[in-house]
Amino acid sequence: AVVSTQSTGEGSTIVEVNPRPYQNETKSSAPVKLSKCQPLLPHSAVHDSLPSDHTQLRHLKTRPIAELFNLYEEHLRHTAVMVTEEQNRLTRNIKEHDTAVAQILAVSQKKQHVYSVWGGGIQTSIREISTNVSEIQRTLDSLVPAVNELNALLPVNERLQNFSSSGCV
């Protein structure tokens, strides 16, 4: 592309780009190069100083403006397609992760239920064992004094040691 610049004298610079024709151009999904656009102002208007009013706007070429807007529209459409594809990909990933989390949660809830059933069974067994141990302790507490009384009735050489229920259970 040929680039030329011109100072307007008012602190502004006009840049004119005359693009080279492209060879072997094919339509693709790649972004369209905006340098294919023709200048919007006629060549003579570019080299004149820019007026402060907008009378020069009537000299604008409509074909290059339409081409530019078509290129913008194509670029925006391409960008929208890319954004939509990315959103769809993200949505699929989120759904996959949600499904995986739901499966893990279901398995965890099943395990929690099984463990709570086991825990309830173990707790019941512990209560039964504790009740049995308490019953045995009461029985020992009631039998030890009777055994000690019987032991006291024996002759001294046949007596056994005194029993105590404090170290049994």
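- H75 places no side-chain N or O within donor-acceptor distance of the main-chain N or O of L71, the cut-off being under 3.5 Å.
- Taking each heavy atom of N151 and L160 in turn, the nearest pair found is ND2-O, 2.5 Å.
- Here salt bridge (Lys or Arg N to Asp or Glu O under 4.0 Å) pairs that include residues 125-149, with residues two or more places apart or in two chains, number zero.
- Summarising the geometry, atom CG belonging to L68 is positioned 13.0 Å from atom CZ belonging to R63; distances are rounded to the nearest 0.5 Å.
- The line from CG of L105 to CD of Q112 is 9.5 Å long, rounded to the nearest 0.5 Å.
- Here OG of S116 is found 14.5 Å from NZ of K111. Values are rounded to the nearest 0.5 Å.
- Atom CD1 of I129 is separated from atom OG1 of T124 by 11.0 Å, given to the nearest 0.5 angstrom.
- In this structure, the side chain of S134 engages the main chain of S130 through a donor-acceptor pair within 3.5 Å.
- By the criterion of side-chain heavy atoms lying less than 4.5 angstrom apart, applied directly or through intervening Ile, Leu, Val, Met, Phe, Trp or Tyr residues, V144 is grouped together with V147 in one hydrophobic cluster.
- N148 contributes atom CG, which lies 11.0 Å from atom CG of L153 (distance to the nearest 0.5 angstrom).
- Screening residues 89-102 for salt bridge (Lys or Arg N to Asp or Glu O under 4.0 Å), with sequence neighbours left out, gives E86-R89.
- Just one residue in the list N88, V81, V83 forms a side-chain contact (heavy atoms from CB on, under 4.5 Å) with E85, and that residue is V81.
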Worked verdict on N70 versus E74 for side-chain contact (heavy atoms from CB on, under 4.5 Å): CA-CA 6 Å; N70 287 337; E74 187 175 329; over 6 Å; no
